[in-house]
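What follows is one structure encoded as structure tokens, with my remarks underneath.
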Amino acid sequence: MTDMWEISSVEFNKDNIPWYGNKFLIGNGYFGIRGTMEEYTKEQMCAVNMAGIYDRVGDAWRESVNAPNVLYTYIKADGAVYALPDTEPAEHIQSLDFRHGIHLRRTVWQTPKGKITLECERFASMERQHIVGLRCTVSADYDCDFEIVTGIDGDVWDINGPHFAKLDISCEDGVKSVVGTTGEKGVTVSAAEYIRFDFDADKSCDITDKAALSHICFRAGAGKAYTVEKIAEIYSSADTLERSGDIKSLTYDEAKAESVAAWEKIQEISEVVIEGDDEAAKALNYSLYHLNCIAPRNMRSMSIPARGLSGQVYKGAVFWDTEMFMIDYFIYTDPEVAKTLIRYRIDTLGGARKKAAEYGLNGAYYAWESQEGGIEGCSDYNVVDVFTKRPMRTHFRDKQYHVSAAVVYAIMKYIDASGDYSILEEGAAEVAVECARMYRSLLIKKADSDKYEIHDVVGPDEYHERVNNNAYTNRMAKFVFEKTVQLLGVLKDKYPDCYAELDEKYELDRLYAVFADSAEHMYVPEPNPETGLIEQFDGYFKLEDASVDEVRSRLLDEKEYWGGAYGVASDTQVLKQADVVAMLSMFKNDYSTDIMRKNWNYYEPRTEHGSSLSACMYSLLSCYIGDPDSAYPLFMKSASADLLPGSKQWAGLIYIGGTHPASEGGAWIVATLGFAGISAENGRLVSRPALPSKWKAMRFKLRFGGKLYSVNIEGNNSVIEEIK
Ligand code: IFM
């Protein structure tokens with residue numbers, strides 16, 4: 001392994017514990033395990049965060065559930081506990097091999113008699129997704145009485161817990177087990193483990209009210225190493241993923257080898273080689289590592305939360321992030337995962353219909369923060385005011401209509417790149433129809449106008465609430481109408497039975513005409529003929545034109561929320577994240593380079609980039625404008641979201657730390673669709689590269705139309721070849 005695939009930290013700093021939990025995360029799409037130390041507890045935000053399982057306690061927010069912690073381990077030397085963060089280490093290294101998903105820590109403590117060392121290696125199996133492996137080795141440079149305490153800690157970290165109303169704990173035939181049952185729906189989350197070692201020791205099992213622990217006590221000779229290996233399994237009553245076999249018969253080395261091989265297979269397609277810029281190559285491949293850690297593999301229907309599987313931040317909920325920023329990577333490298341993500345939206349159509357009905361709308365209004373079944377996790381009061389400590393009325397939940405369009409946009413991206421229309425028959429056609437019906441019921445026509453408008457919305461820039469004719473939202477609505485009309489034609493042709501079924505339900509001929517009319521007459525703000533600028537929403541240009549720094553200087557508290565009724569940005573032109581620029585990036589063929597450049601130049605200095613979704617959109621548009629060197633720093637910002645410190649931690653008093661998979665997916669989009677200039681033209685992959693000056697060459701693989709291709713770019717020349 002070279003440094004290109006390793007990140008490490010060689011000092012111990014308590015302040016880094018929350019960030020390193022994200023930075024050193026391992027995972028396999030079924031769960032994510034935060035990069036915390038084996039001896040840590042809920043105090044240090046330890047989490048084995050489960051995909052797709054949620055629970056609600058009382059009136060608090062519903063959030064994803066953390067499984068019992070199977071890594072829990074600490075050591076005693078001559079009766080004294082040596083554990084971070086309380087016992088200051090003499091040396092400490094934490095590292096991650098992100099080619100293979102292997103986490104390592106090595107800590108040396110000074111004791112009154114000499115030095116002791118604890119080294120632990122762990123992985124979340126990419127081959128058997130229920131399995132976690134842990135190998136701990138202790139040694140001392142003097143003869144010492146060691147005790148290794150290892151087991152399963154059921155006292156898990158929760159933001160709005162406790163989610164386990166009941167814990168069943170046992171130790172039988174050497175298998176320890178902790179089974180938590182959630183309070184709301186009675187879902188069981190089970191953790192079991194089996195340990196092995198081949199040195200003489202006294203071993204006992206201790207069952208506490210929240211943990212099952214083994215105590216391994218032995219006399220250690222100076223300079224000798226003593227290793228304990230653990231194979232653990234995590235599963236739940238909500239599983240669709242098959243169990244992984246008998247943990248007693250699987251050895252650590254076998255399980256590790258299998259997992260490494262599975263990761264290698266992924267990396268063969270995933271890796272992006274960049275010659276001339278190791279820093280960019282490392283940041284990008286590290287970003288893709290995170291996407292691979294949270295990809296729902298071997299599952300029929302599942303999506304990815306906005307903070308991945310790094311904990312309960314943002315309620316473990318799925319946002320438009322998946323469809324607009326993450327799915328592209330999977331569409332082009334692992335279309336089965338992309339299909340799984342789309343099926344999640346198909347399967348949660350019921351929830352989206354319910355939400356539409358709640359607001360008196362037809363069709364499907366997808367949840368802003370979607371939980372299982374499409375349940376809306378977002379409340380009307382989604383930010384806590386730092387001054388009054390009271391929840392603030394926000395309009396994320398009720399007015400961000402653009403999430404439904406993102407779902408249709410993703411369906412189209414999948415179909416266009418894979419050529420696989422079967423998803424329509426599986427339910428995607430109905431999703432499109434229902435989203436189009438929702439937008440139709442939002443349309444407003446003034447008496448003397450022949451244009452449809454959409455009022456009272458929140459666009460991607462969340463700092464400006466309840467605005468009219470947000471350019472992004474209106475353009476996306478038009479897209480949904482146009483594409484639904486197109487898809488209905490395809491459906492009739494390719495899947496007549498499915499068409500007939502939908503026809504019976506929706507009278508498709510009538511809807512076809514309604515959607516065609518909506519697409520034709522949808523008002524989308526045009527570039528001003530003199531300035532070339534597109535107004536983000538009605539009246540935006542009349543707002544105070546203060547700089548981002550000026551607006552920031554008006555904050556009375558650094559955690560204060562910039563948007564909402566009284567936010568410092570609300571009455572100014574300062575925006576949170578790409579909005580018009582996002583629209584231009586997505587509909588680049590509708591606009592000239594000149595218009596794109598003018599809008600980029602206007603909006604970028606006014607953008608706070610307060611969302612990690614922002615930089616990649618600006619970067620992508622820079623690529624489309626033909627300016628890769630302006631795109632580069634924003635690309636690096638996106639690709640480094642979890643690698644470097646500095647990501648936003650608070651929205652009002654709500655903690656929003658965690659990993660940033662949308663930013664990571666956005667970095668891949670910029671690298672491939674932006675710098676490498678990949679697009680599909682007449683059913684063929686085309687590359688028109690414009691690499692940043694530092695980059696000499698770029699190589700990667702893509703799946704397109706059911707085939708695998710290699711893309712080789714040297715300077716401005718590119719060769720795309722099918723790999724047979
Ligand atoms: O979906 C985003 C939103 O656009 C900005 N706030 C954070 C959300 C989750 O990443």
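Note: hydrogens, waters and symmetry copies are ignored here, and every other heavy atom, side chains too, is used. One-based numbering, in listed order, for ligands and for the atoms of each.
- Applying the side-chain contact (heavy atoms from CB on, under 4.5 Å) test to I669 and every residue at least two apart in sequence or in another chain returns D328, L620, L673.
- Side-chain atoms of Q312 and N49 include no donor-acceptor pair closer than 3.5 Å.
- With sequence neighbours excluded, the residues satisfying side-chain contact (heavy atoms from CB on, under 4.5 Å) with L555 are R552, E560, W562, V568.
- Taking the centre of each ring, F319 and F396 stay at or above the 6.0 Å mark.
- In this structure R345 satisfies the salt bridge (charged side-chain N to carboxylate O under 4.0 Å, His left out) test together with E323, sequence neighbours excluded.
- For Y401 and Y365, the ring centers sit closer than 6.0 Å to each other.
- At a 4.0 Å heavy-atom cut-off, the residues surrounding ligand 1 are A306, R307, Y314, F319, W320, D321, W368, E462, K576, Q577, S611, L613, listed by chain and number.
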